[in-house]
Amino acid sequence: MPDVIPADSIGIVTPQIAQFDTPLTLSCGQTLSSYELVYETYGTLNNTASNAILICHALSGDHHAAGYHAMTDKKPGWWDSAIGPGKAIDTNHFFVIALNNLGGCCGSTGPTSINPETGQRWEASFPIVTVEDWVESQARLADLLGIKTFAAIVGGSLGGMQVLEWSIRFPTRLQSAVIVASAPKLSTQNIAFNEVARQSIRRDPDFFDGNYLENSSVPTNGLGLARMLGHITYLSDDAMGAKFGRQMRHDSYQYNYGVEFEVESYLRYQGEAFTKRFDANTYMLMTKALDYFDPAAQTNGDLATVLSRAQCEFLLVSFTTDWRFSPERSEEIVNALVKAGKQVSYAKIEAAEGHDAFLFPIPRYMSVLNTFLTRVANRLTTEVK
């Protein structure tokens, strides 16, 4: 935390909890009789409730997208570089909402929550959730906050899939969609990565078939390995090479299986740190939601047909070194939108950071976001006049 809060920071923020007692029937067929969503808001909702922006988070994200919870925080929210007064998502103009999705482990109802019907933690019995379920619950949160239509909905990676689903499921409830480093469905290779991650968790002897908390245990080895694998796919070869190369911890080979290269130390640290803040069952759920997402399945694989329902304008952004969700995957969406006759802008950003580039304040990337959302803000001002 800086000694003085920067002028372009949200500052200190306090999470809020929304309680829902109307049952939610999930895609898997099970029903949540009640649930909670934790969220944060930044900026001020205008008198017509027309200036709201929804931020959809990626796999390991949460509701804390900007600002600080306390002066003792070591770092701000995960997208603080983009959200705040004068930033690309300008809270001088917009009322920004960020939430932790159902199944999460940061306050919203999920595997670590208490099942009201049993009085015990859900753990492995928590039902599978999908992108469609998240969007439905997000719409209910918008209803609670009095927001009929979002000025924009923004998301990167898995968050971008949620934005795409919003445009199809609730086409009249958003005016603009920003989809960053995403895809219309996972490739076979990405599904394979997710399965290896899940098997790493499931084969940990401390997993106990998902009921590890009941057994006073945590599958740290499996979850750490899953995160190490994921982290490799989020970075580019160039970025890893530039940061670590073949830099060693010792002057010569030790000829053992300990840490010898700096990249090994880095990955072990990332895996261990992740296990202290994230839940293994939530990781399983989130990766499954990624696997299942395929809106074009409704129209026999024709993405343009399903996107013909959309009524908003779109901005898509990809990054040149992102091989997890390559530019070609964003271009699939762009081409389908063009075929469907929709208004779409597209930017392919030169970036060395790989898939994680969507989290960085890369100047051209921030400029593209700012230009698009400034146009959205200007339209709101014109409508008020």
Side-chain angles (χ1 to χ4, degrees), residues 26 28 30 57-62 78 100-115 118-131 133-134 157-158 186-235 240 244 249 254 256-293 324 354-356:
L26 304 171
C28 67
Q30 296 189 53
H57 70 71
L59 189 153
S60 60
D62 56 29
W78 58 268
N100 182 217
N101 282 334
L102 277 176
C105 54
C106 297
S108 293
T109 297
T112 61
S113 304
I114 300 298
N115 181 345
T118 65
Q120 304 296 317
R121 292 186 189 275
W122 280 96
E123 295 211 83
S125 65
F126 193 83
I128 294 289
V129 291
T130 65
V131 169
D133 298 329
W134 288 337
S157 191
L158 178 54
L186 285 195
S187 66
T188 306
Q189 183 186 55
N190 274 325
I191 293 173
F193 280 131
N194 286 344
E195 174 60 6
V196 172
R198 288 191 295 266
Q199 287 300 319
S200 296
I201 294 170
R202 292 181 62 86
R203 297 186 186 198
D204 187 317
D206 290 325
F207 184 62
F208 289 102
D209 292 325
N211 296 311
Y212 40 88
L213 297 179
E214 177 185 319
N215 287 276
S216 301
S217 182
V218 178
T220 53
N221 288 331
L223 181 58
L225 285 172
R227 181 59 173 179
M228 289 169 68
L229 171 66
H231 206 71
I232 292 170
T233 70
Y234 303 148
L235 302 176
M240 293 185 75
F244 304 107
R249 299 294 299 275
Q254 301 300 295
N256 59 38
Y257 295 106
V259 173
E260 298 211 62
F261 294 93
E262 288 293 347
V263 69
E264 296 174 320
S265 175
Y266 171 76
L267 287 174
R268 293 190 189 192
Y269 169 79
Q270 290 294 332
E272 181 180 354
F274 190 68
T275 64
K276 295 176 181 178
R277 70 175 182 87
F278 214 79
D279 176 64
N281 279 322
T282 290
Y283 199 88
M284 302 270 290
L285 286 170
M286 295 288 179
T287 57
K288 266 299 180 183
L290 272 165
D291 292 354
Y292 286 139
F293 184 69
R324 185 88 194 242
H355 184 58
D356 268 357

Taking the ring of His231 and the ring of Tyr266, is the distance between their centroids below 6.0 Å?
yes
Could you tell me whether the side chain of Cys105 reaches within less than 4.5 Å of the side chain of Arg277, counting heavy atoms only?
no
Nearest heavy-atom contact between Pro111 and Gly104 is CD-O, 4.2 Å
OH of Tyr292 to CD1 of Ile128, rounded to nearest 0.5 Å, is 5.5 Å
Rounded to the nearest 0.5 Å, the CD atom of Glu272 sits from the CG atom of Leu223 at a distance of 11.5 Å
Shortest non-hydrogen pair, Leu59 vs Leu290, comes out as CD1-CD1, 3.7 Å
Rounding to 0.5 Å, atoms OH (Tyr234) and CG (Asp356) come to a distance of 8.0 Å
**Study point:** Heavy-atom side-chain contact between Thr282 and Phe278 under 4.5 Å
**Key:** yes
Query raised in the report: Do the non-hydrogen side-chain atoms of Asn194 and Tyr283 ever get within less than 4.5 Å of each other?
Result: no
Quiz item: Any donor and acceptor pair, going by atom type alone, linking the side chain of Asp279 with main-chain N or O of Thr112 inside 3.5 Å?
Solution: no
For Arg268 and Tyr257 the tightest heavy-atom approach is NH2-O, 3.5 Å
- So, Glu123 side chain and Leu213 main chain: donor-acceptor pair closer than 3.5 Å or not? yes
Rounded to the nearest 0.5 angstrom, the CG-SG distance for Asp133 and Cys28 is 7.0 Å
Practice task
Decide side chain to side chain contact (heavy atoms under 4.5 Å, CB included) for Phe126 and Leu285; before the verdict, give the C-alpha distance in whole Å, the side-chain angles of both, and the deciding distance to 0.1 Å.
Solution key: CA-CA 9 Å; Phe126 193 83; Leu285 286 170; 3.7 Å; yes
Problem - Donor-acceptor pair between Arg249 and Ser265 side chains, under 3.5 angstrom - result: yes
*Any side-chain heavy atom of Thr275 sitting closer than 4.5 Å to one from Val218?*
no
Query raised in the report: For Ser157 and His355, does a side-chain donor sit closer than 3.5 Å to a side-chain acceptor?
Result: yes
So, Asn221 and Asp204: side-chain donor and acceptor under 3.5 Å apart, yes or no?
no
Interatomic distance, CG@Leu26 vs CG@Leu102, rounded to 0.5 Å, equals 7.5 Å
I'd like to know if the side chain of Tyr212 reaches the main chain of Asn281, judged simply by a donor and an acceptor atom lying under 3.5 Å from each other, with no hydrogens or angles considered. yes
CZ (Arg202) and CG (Asp209) are apart, to the nearest 0.5 Å, by 6.5 Å
For Val129 and Trp134, the nearest pair of non-hydrogen atoms, with its separation, is CG2-NE1, 3.7 Å
Report task. State, yes or no, whether a side-chain contact exists between Gln120 and Ile114 at a heavy-atom distance under 4.5 Å. Result -> no
Check this for me: does any side-chain nitrogen of one of Glu214 and Arg121 sit under 4.0 Å from a carboxylate oxygen of the other? no
**Request:** Inspect the contact between Arg198 and Asp291 and indicate whether a charged nitrogen and a carboxylate oxygen are less than 4.0 angstrom apart.
**Result:** yes
Backbone N or O of Asp62 within a donor-acceptor pair of the Trp78 side chain at under 3.5 Å? yes
Would you mind reporting whether Phe293 and Thr130 have side-chain heavy atoms less than 4.5 Å apart? no
(Q) When you measure from the side chain of Glu264 to the backbone of Glu260, do you find a donor-acceptor pair of N or O atoms at a distance under 3.5 Å? (A) yes
When every non-hydrogen atom of Val263 is compared with those of Met240, the smallest separation belongs to CG2-CE, 3.6 Å
Taking every heavy atom of Thr233 against every heavy atom of Gly230, the minimum-distance pair comes out as OG1-O, 2.7 Å
